[in-house]
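See structure below.
Numbered from 1 within each chain, the chains take letters A, B, ... in sequence-line order. On a predicted model such as this, the values are computed, not experimentally measured, just so you know.
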There are 2 protein chains.
Amino acid sequence: MPTFDPPLKLMVVDDHFVFRAGLKTVLSLRNDFAVIAEADNAASAVERYARHQPDVTLMDLRLPDGTGIEATRQICTAHPDARILMLTTYDGDEDIHRALEAGAAGYLLKSVPGPELLRAIEAAARGERYIPPAVQQRLEERATFGELTDREREVLPLVVKGLTNRDIAGILNFTEFTAKAHVRSLLAKLGAADRTELVAIAVQRGLIHLD
Amino acid sequence: MPTFDPPLKLMVVDDHFVFRAGLKTVLSLRNDFAVIAEADNAASAVERYARHQPDVTLMDLRLPDGTGIEATRQICTAHPDARILMLTTYDGDEDIHRALEAGAAGYLLKSVPGPELLRAIEAAARGERYIPPAVQQRLEERATFGELTDREREVLPLVVKGLTNRDIAGILNFTEFTAKAHVRSLLAKLGAADRTELVAIAVQRGLIHLD
DNA sequence: CCCCGCATTATCCATTTGGCTAATAGTAGA
DNA sequence: TCTACTATTAGCCAAATGGATAATGCGGGG
């Protein structure tokens with residue numbers, strides 16, 4: 001028996017074999033959904049999107065060859081009508097913000113219950129954004145602090161590495177005073193008392209990914 | 001057609017609905033495997049293990065009400081013949097070490113390919129330990145540094161919070177000198193140049209879990 | 001054109017940190 | 001019992017940090 005609507009074409013991008021299997025199983029509960037493509041890395045995700053033109057894409061944030069955010073940005077640039085749902089374990093506000101800014105149509109945690117996942121996909125297919133309340137709340141807490149400047153984003157990872165102001169100055173080619181100024185600004189913006197707490201906060205918020 | 005062996009009874013413990021679905025799908029490829037129980041938190045994992053007595057249990061490391069390591073410890077204490085495979089995204093040596101020390105029969109990353117997962121389950125069923133080479137390597141790198149003492153384990157989280165030696169001393173009721181001594185020892189054991197790097201290393205190695 | 005934010009440099013100063021060394025006491029194991 | 005490790009305390013010292021303040025130059029927006 002054919003469905004009224006043509007089946008919704010889905011692509012799944014995740015490097016976890018077992019999770020992909022879970023997604024396919026959950027999605028197969030709906031006979032109007034069809035997983036027409038899969039990818040386990042960013043490069044093939046971009047390539048297969050162009051080839052298969054899925055209606056909605058489920059994308060992991062971390063992939064072996066880069067981030068799902070970069071893949072999302074590339075796909076959305078090339079295909080402005082792309083509907084991409086991020087599906088990840090990372091709940092830091094920075095990751096959420098960057099994903100949406102890259103063009104994602106939604107941001108779900110991998111702990112999402114099946115029915116909510118299906119609802120999010122339907123919403124994305126209709127061209128709507130689906131953001132669960134918990135995720136939305138994370139984003140709003142963020143507003144408290146200002147955006148980081150480009151320089152601050154360069155300095156932050158170096159602080160996390162345990163480098164001193166002098167080391168940082170040497171690497172970025174400015175004086176120790178400048179390094180100090182940027183670190184002071186980072187402390188203020190992220191609400192940290194010292195650089196030790198700065199690391200904890202930056203990791204928690206997804207500004208830095210350790211590994 | 002009945003299999004020669006009685007079906008191997010499996011329990012799956014993970015709070016991610018989609019991942020559980022994936023596990024069940026992958027495991028159902030083997031008709032001599034049967035998922036007889038599921039749990040999505042530590043407490044019900046312990047309770048259901050006792051009730052269903054599975055042959056092999058697949059256990060996530062992080063659960064809503066605690067850690068899979070604690071659940072593993074409880075189950076292995078009550079049932080010394082339990083075979084529990086940790087299945088997690090955390091690859092820090094401390095998590096691996098603690099899981100094995102708690103009695104786990106193996107430690108797999110969630111990116112495990114299907115066939116390797118099945119092999120690990122078979123090994124666990126035979127009473128063997130299955131540790132993938134990459135995980136084993138992590139454990140061996142660990143040997144470089146000594147174990148942390150109890151005091152050091154108390155001090156570390158406070159350092160990560162951004163507290164000063166004086167603050168730490170106040171909380172743990174000893175002098176600033178003592179705090180300093182423990183921090184110095186932590187820096188040496190974890191190979192960090194300062195407390196900033198200490199945080200990064202502690203998080204990376206799974207000694208501390210943020211959030 | 002003026003204001004604002006940013007990057008950069010700079011000074012002063014109190015506090016904190018990290019390295020080195022050392023003593024005492026308790027405890028567990030050889 | 002002797003040893004090793006740990007916890008605790010302590011002092012000295014150079015270096016790094018964080019707070020407060022300020023000046024300069026640059027670019028964008030009103």
Whole-Å distance between [N] [atom2] and [X] [atom1]?
{"X": "B/Phe177", "N": "D/dA10", "atom1": "CZ", "atom2": "P", "answer": "5 Å"}
{"X": "A/Lys180", "N": "C/dA14", "atom1": "NZ", "atom2": "C1'", "answer": "11 Å"}
{"X": "B/Leu187", "N": "C/dT17", "atom1": "CG", "atom2": "C1'", "answer": "10 Å"}
{"X": "B/Arg195", "N": "D/dT17", "atom1": "CZ", "atom2": "P", "answer": "12 Å"}
{"X": "B/Arg184", "N": "C/dT21", "atom1": "CZ", "atom2": "P", "answer": "11 Å"}
{"X": "B/Asp194", "N": "D/dA14", "atom1": "CG", "atom2": "C1'", "answer": "16 Å"}
{"X": "A/Glu197", "N": "C/dT17", "atom1": "CD", "atom2": "P", "answer": "13 Å"}
{"X": "B/Glu176", "N": "D/dA7", "atom1": "CD", "atom2": "P", "answer": "19 Å"}

Review point. Heavy-atom count around A/Gln137 CD within 6.0 Å, excluding the residue itself: above 12?
Key: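 Not buried by this count: 12 neighbours or fewer within 6.0 Å.
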Point to revise | Stretch residues 159-175 of chain A: residues that reach within less than 4.0 Å of DNA chain C through a heavy atom | key: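 A/Phe174, A/Thr175, in order of number.
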Review point. Do B/Tyr90 and B/His209 pass the ring pair (Phe, Tyr, Trp, His ring centres under 6.0 Å) test, and can you show the C-alpha distance, the side-chain angles, and the key distance before you say yes or no?
Key: CA-CA 10 Å; B/Tyr90 297 91; B/His209 287 282; 5.1 Å; yes
Review point. Do B/Arg30 and B/Phe33 meet the cation-pi criteria used here (NZ or CZ under 6.0 Å from the six-membered ring centre, within 45° of the axis)?
Key: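 Geometry flag: set, cation within 6.0 Å and 45°.
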Check your understanding: Within 45° of the axis and under 6.0 Å from the centre of the six-membered ring of A/Phe19, does NZ or CZ of A/Lys110 qualify?
Key ->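 Positive - A/Lys110 is close enough to the ring of A/Phe19 and near enough to its axis.
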Check your understanding: Per the salt bridge (charged side-chain N to carboxylate O under 4.0 Å, His left out) rule, which among B/Arg98, B/Arg153, B/Lys189 passes with B/Glu147?
Key ->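 Testing B/Glu147 for a salt bridge (charged side-chain N to carboxylate O under 4.0 Å, His left out) against B/Arg98, B/Arg153, B/Lys189 leaves exactly one candidate, B/Arg153.
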Check your understanding: Checking A/Arg195 side chain against A/Leu163 main chain: does a donor-acceptor pair fall under 3.5 Å?
Key ->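 Checking the backbone N and O of A/Leu163 against the side chain of A/Arg195, a donor-acceptor pair under 3.5 Å is found.
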Point to revise | Side-chain H-bond candidate by donor/acceptor type, A/Gln74 with A/Tyr49, under 3.5 Å | key: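 Side-chain D/A pair, A/Gln74 to A/Tyr49: absent.
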Please confirm whether the shortest side-chain N or O distance from [X] to OP1 or OP2 of [N] is below 4.0 Å.
{"X": "B/His182", "N": "D/dT8", "answer": "yes"}
{"X": "B/Arg151", "N": "D/dT8", "answer": "yes"}
{"X": "B/Thr149", "N": "D/dA7", "answer": "yes"}

